[in-house]
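Throughout, protein chains are lettered first and strands after them, A, B, ... in sequence-line order, and every chain is numbered starting at 1. Treat the numbers as computed from the prediction; the structure is a model and nothing was measured. Because only heavy atoms are used, hydrogens play no part in the values below, and waters and symmetry mates are left out as well, while side chains stay in.
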Amino acid sequence: MELSDLNSAQQEAVLYCDGPSLVIAGAGSGKTRVLTYKIAYLLSQGMEPWNILALTFTNKAANEMKERIGRQVGLEKARRLWMGTFHSIFLRILHYEHEAIGLSSDFTIYDAADSKSLVKSIIKEMGLDDKTYKPGSVLSHISAAKNRLVLPDAYMRDAQLQKADQASRIPATGSIYKTYWNRCRQADALDFDDILLYTFLLFQHRPDILAKYEENFHFVLVDEYQDTNYAQHAIIWQLTQRRKRVCVVGDDAQSIYSFRGANIDNILTFQQLYQGARLFKLEQNYRSTQNIVEAANSLIRHNRGQIQKDVFSRKEKGQPVHLFQFYSDLEEAAGVAKKVIGLHRFDHIGWNDIAILYRTNAQSRTFEEAFRKQDIPYRIYGGLSFYQRKEVKDMIAYFRLAVNPNDEEALKRVINYPARGIGATTVSKVIDAASQQGISVWQVLMNPANYIPSMNRGTQVKLYEFVQLIEGFRAAVNDEDAATLGSRIAKESGLVAEVFRGREPEDITRQENLQELLDGMQQFVDDRQQEEGSERVLMTHYLQEISLISDLDESDDSSTEKVSLMTIHAAKGLEFKVVFIVGMEENLFPNQMSDNSLRELEEERRLFYVALTRAEEQCFLTHAQNRYRYGKSEFCSPSRFLDEIDRRFVQEDTSSAIGTRKRSASGFSALFDDDQPFGPRRSYGSPERMDLSRFTSIPSGRKVNTFTPSRVYVPETSSNPSDPGQYPVSQTQTEAGTLRIGSRIEHSRFGRGEVIALNGSGMDAKATVRFDNVGTKQLLLRFAKFTLVD
DNA sequence: ACTAATAACATTTTT
DNA sequence: TGTTATTAGT
């Protein structure tokens with residue numbers, strides 16, 4: 001380990017290990033570096049790796065740190081560290097100590113969707129109106145309570161909470177919470193929040209067990225401390241209260257998860273809780289140019305109540321932050337795409353070094369389409385993760401049942417999938433009986449006639465067969481390894497047969513996903529076996545691993561360079577040479593949902609701060625004057641945040657974009673027009689130049705343009721003088737080309753087929769297509785999603 | 001009990 | 001505009 005790799009502030013933070021310390025690490029100041037060096041330093045001082053606990057928020061951060069430490073001290077040592085996410089480490093502890101807290105050894109984890117579904121059914125069962133009691137919002141109340149370590153009874157006894165719920169006209173929240181709690185217990189299931197809550201309770205009720213862990217963890221490190229919630233904070237306190245050898249690292253200016261319960265006070269009051277805690281500030285930013293750092297500083301100054309710090313850069317001054325205005329969201333995307341091409345082609349910036357950051361996932365679509373049109377390789381982060389896809393969740397539900405048949409949510413998912421004649425009525429009868437008797441659904445299923453006298457013979461037989469099916473899997477759960485059992489379940493449950501029946505493109509994807517899941521299990525088993533030696537890798541181990549994984553996307557293909565598209569939240573912790581922050585408009589960023597309170601506005605501002613500080617060399621801000629929202633075009637004014645950045649660091653490249661050029665050209669085309677019309681030249685927002693030929697009637701056999709852009713402006717015929725004279729019409733085609741009789745196309749839903757007729761004109765142009773698998777269909781070209789084949 | 005049609009809905013979301 | 005959830009229809 002080379003301490004000389006560190007600046008003096010970093011060194012001090014690494015070397016002080018005798019008591020509690022708080023490291024305030026400005027953006028790009030080498031926070032991860034300090035953590036890894038500190039761990040390496042502790043090891044070099046003779047501390048054993050298993051005496052060190054290092055907690056992160058994401059698997060990604062944990063893995064990255066493991067890898068970096070592995071490089072310094074060797075993989076063998078690194079592997080023995082207690083390093084991982086809060087949830088994974090505590091889940092491990094709960095597995096060891098399950099008995100002490102009255103948990104079954106086979107408990108399973110409810111993911112967010114399971115929790116929501118359970119809350120929803122409870123609301124229904126209680127006969128409450130799900131308009132007043134929105135499952136999502138009730139769940140966030142429950143989650144908030146758990147994160148503050150408030151149990152159901154305490155919730156109902158708490159006068160303040162009761163008053164608040166009364167005022168919000170949701171007085172039953174407490175009793176929903178209680179029922180939810182009981183149902184989870186009956187199901188032997190923990191939700192994400194329970195992992196923290198139960199750990200806290202375990203340590204609180206069993207000082208002997210706490211002492212054991214306290215004894216073991218000689219040093220505790222916590223990353224991203226600004227994002228901890230109260231429960232996490234409390235557990236850290238439990239574990240460190242005696243030795244007080246703890247180092248927390250974070251940046252209050254980058255706290256962007258308070259909506260998930262993160263409490264910024266944890267970091268702000270750390271020094272009061274840990275008397276005499278040393279404070280280290282990492283203020284030198286190694287990531288970004290001076291201009292970017294200064295711009296970000298000037299922005300965040302508008303927040304109050306932060307830990308005073310002075311982040312600076314010694315890199316070159318660099319370019320100012322560029323600001324561009326566009327007429328519409330479509331032009332924004334097209335303009336950004338164009339600029340990206342320019343950066344790549346003329347400035348030789350790699351695709352990997354460019355990121356497009358936006359506030360909401362919905363904004364990704366326009367960029368996706370603009371990039372596809374320009375042949376820019378891109379990768380969208382976020383969206384549905386692998387483990388959230390239906391077929392994968394179904395499969396995992398069977399796995400969960402095999403380990404824990406009481407798992408109500410898993411059971412509900414697959415009791416009639418694939419269809420086996422157990423209808424909704426039967427299922428709700430069974431669930432009602434179970435909750436009436438205070439037993440698990442599975443217990444009812446084992447002896448349905450006993451609990452539901454009215455049940456007819458045929459249904460009983462079907463239920464019996466289902467129970468037998470699951471029992472068959474259960475019998476093997478401690479003998480067969482995860483992969484073997486997994487593929488057996490895939491087959492015997494009928495899931496594979498069900499999914500492999502279809503031949504349509506989406507079916508193929510689903511089949512591939514199932515295959516990937518099974519392959520992944522084999523991989524997991526192989527890896528684990530190598531790591532842990534001879535011990536058998538069981539289904540329960542597999543479930544424990546994947547229950548806390550959100551996106552395994554990393555694996556897909558990092559070989560090819562791609563531009564990254566993601567939300568700002570997803571970008572936290574990452575850095576890129578060039579960053580575009582798009583959609584800088586009021587009501588979008590800051591989001592309109594957060595204009596109720598100063599607190600939320602400040603969080604939005606921190607979010608913008610995070611976005612700005614992702615950039616190493618260049619940063620582009622863009623906003624549009626009109627934007628599609630929920631199908632309608634809306635006027636948008638520039639974000640107030642734009643005015644909050646000191647003018648000295650901004651270059652406004654916008655005046656020429658609007659008005660002067662008939663509001664047709666974008667800011668970028670004014671500046672970067674490289675005379676490269678893309679595709680058939682489409683002049684967005686410039687009706688007078690619109691090529692209308694494709695809207696005229698199409699004699700059969702003649703070529704017809706299938707237009708590329710996602711959306712096209714069509715001139716308004718009976719124009720109203722007060723409006724801009726342009727009406728957006730949606731197009732959803734995916735690829736350009738010409739369509740004629742005999743063309744082969746591939747439709748996103750119907751698969752491949754041949755065009756046998758073309759008719760209609762203008763907006764109504766239709767194609768009749770004989771599909772290979774699904775017969776003949778009429779496609780309205782305006783809407784159809786297809787591509788030309790050959 | 002399934003599909004088809006329609007209504008409702010729509011931030012961010014490390015685990 | 002897109003998705004998703006519920007409802008109606010056979």
Please identify which of these residues, F259(A), F608(A), Y381(A), meets the ring-ring contact (aromatic ring centres under 6.0 Å, His included) condition with H569(A).
F259(A)

Out of dT13(B), dT15(B), dT11(B), which has the shortest distance to the side chain of H569(A)?
dT13(B)

5'-most contact on DNA chain B: S547(A) or A362(A), nearest heavy atom basis?
A362(A)

Taking any heavy-atom pair under 4.0 Å as a contact, classify D227(A): base, sugar-phosphate, or nothing.
base

With P as the reference atom in both, quote the distance from dT12(B) to dA5(C) in angstrom, rounded to an integer.
16 Å

Look at N229(A) and dT15(B) and indicate whether a side-chain polar atom (N or O) is within less than 4.0 Å of OP1 or OP2.
no

Is R400(A) salt-bridged to E409(A), cutoff N-O under 4.0 Å?
no

Looking only at heavy atoms, what is the nearest atom pair of N626(A) and S633(A), with distance?
CB-OG, 3.8 Å

Look at all strands and tell whether R359(A) reaches a base, only sugar-phosphate, or nothing, counting heavy atoms closer than 4.0 Å.
base

Whole-Å gap separating P (dT14(B)) and CG (D191(A))
15 Å

Over all strands shown, is A419(A) touching base, sugar-phosphate only, or nothing at heavy-atom distances under 4.0 angstrom?
sugar-phosphate

May I ask you to verify if any side-chain N or O of N59(A) is less than 4.0 angstrom from the OP1 or OP2 atom of dT15(B)?
yes

Give each stem of DNA chain C as a range with a range, requiring at least 3 consecutive Watson-Crick or G-U wobble pairs whose two distances are under 3.5 Å.
B:1-10 with C:1-10

For the student: nearest non-hydrogen atoms of H623(A) and P638(A), plus distance
NE2-CG, 3.6 Å

Of all the choices, dC2(B), dT11(B), dT15(B), which nucleotide is nearest to the side chain of N416(A) once you look at every atom?
dC2(B)

Examine H541(A) together with F524(A) and report whether their ring centres are nearer than 6.0 Å.
no

Just call it for Y257(A): base, sugar-phosphate, or nothing, with non-hydrogen atoms closer than 4.0 Å on any strand.
base

Rounding to the closest angstrom, what is the interatomic distance between dT14(B) and dT3(C) at atom C1'?
25 Å

Distance, rounded to the nearest Å, where R420(A) contributes CZ and dC2(B) contributes C1'
16 Å

Can you work out whether A424(A) or S88(A) has the more 5'-proximal nearest nucleotide on DNA chain B?
A424(A)

Pi stacking test for F86(A) and dT15(B): under 5.5 Å apart, planes under 30°:
no

Short side-chain to backbone donor-acceptor contact, N416(A) and A419(A), under 3.5 Å:
no

If you look at every strand shown and take non-hydrogen atoms under 4.0 Å, does N361(A) touch a base, only sugar-phosphate, or nothing?
sugar-phosphate

Are the ring centres of W181(A) and Y198(A) closer than 6.0 Å?
yes

With no hydrogens and no angle check, do the side chains of S258(A) and E603(A) hold a donor and an acceptor under 3.5 Å apart?
yes

L548(A) CG - dT13(B) C1' separation (whole Å):
15 Å

How many whole angstroms separate atom CD of Q226(A) from atom C1' of dT14(B)?
11 Å

Distance in angstrom units between L196(A) CG and dT14(B) C1', rounded:
12 Å

Whether each nucleotide of nucleotides 5-10 of chain C has a protein heavy atom under 4.0 Å at its base (B), only at its sugar-phosphate (S) or at neither (-) is summarised, 5' to 3', as SS----

Per the O4'-C1'-N9-C4 / O4'-C1'-N1-C2 angle with a 90° window around 0, dT12(B) comes out anti

At under 4.0 Å between heavy atoms, what does Q592(A) touch on the DNA or RNA strands: base, sugar-phosphate, or nothing?
nothing

Expressed as a whole number of angstroms, how long is the span from I568(A):CD1 to dT13(B):P?
10 Å

Could you check how far CE of M566(A) sits from C1' of dT13(B), rounded to whole Å?
15 Å

In terms of ring plane angle, is the pair F399(A) and Y542(A) parallel, tilted or perpendicular, where the classes change at 30° and 60°?
perpendicular

Phosphate oxygens OP1/OP2 of dG2(C): is one of them under 4.0 Å from a side-chain N or O of R365(A)?
yes

Whether the side chain of R629(A) and the base of dT1(C) hold a donor-acceptor pair under 3.5 Å is what I'd like checked.
no

Charged N to carboxylate O below 4.0 Å: is that the case for D394(A) and R413(A)?
yes

Return the nearest nucleotide to the side chain of H87(A); candidates are dT14(B), dT11(B), dT15(B).
dT15(B)

Quickly work out the L91(A) CG to dT14(B) P distance and round it to whole Å.
17 Å

Presence of Y417(A) side-chain N/O under 4.0 Å of dA1(B) phosphate oxygens OP1/OP2
no

Rounded distance in Å between the P positions of dT4(C) and dT13(B):
16 Å

Taking D114(A)'s backbone N and O only, do any of them form a donor-acceptor pair with D111(A)'s side chain (distance below 3.5 Å, no angle check)?
yes

Would you tell me if any nitrogen or oxygen in the side chain of T567(A) comes within less than 4.0 Å of OP1 or OP2 on dT13(B)?
yes

Is there a side-chain contact between F57(A) and D223(A), using heavy atoms and a 4.5 Å cut-off?
no

Which part of the nucleic acid, if any, lies within contact of G421(A), taking any heavy atom under 4.0 Å across all strands shown: a base, the sugar-phosphate backbone alone, or nothing?
sugar-phosphate

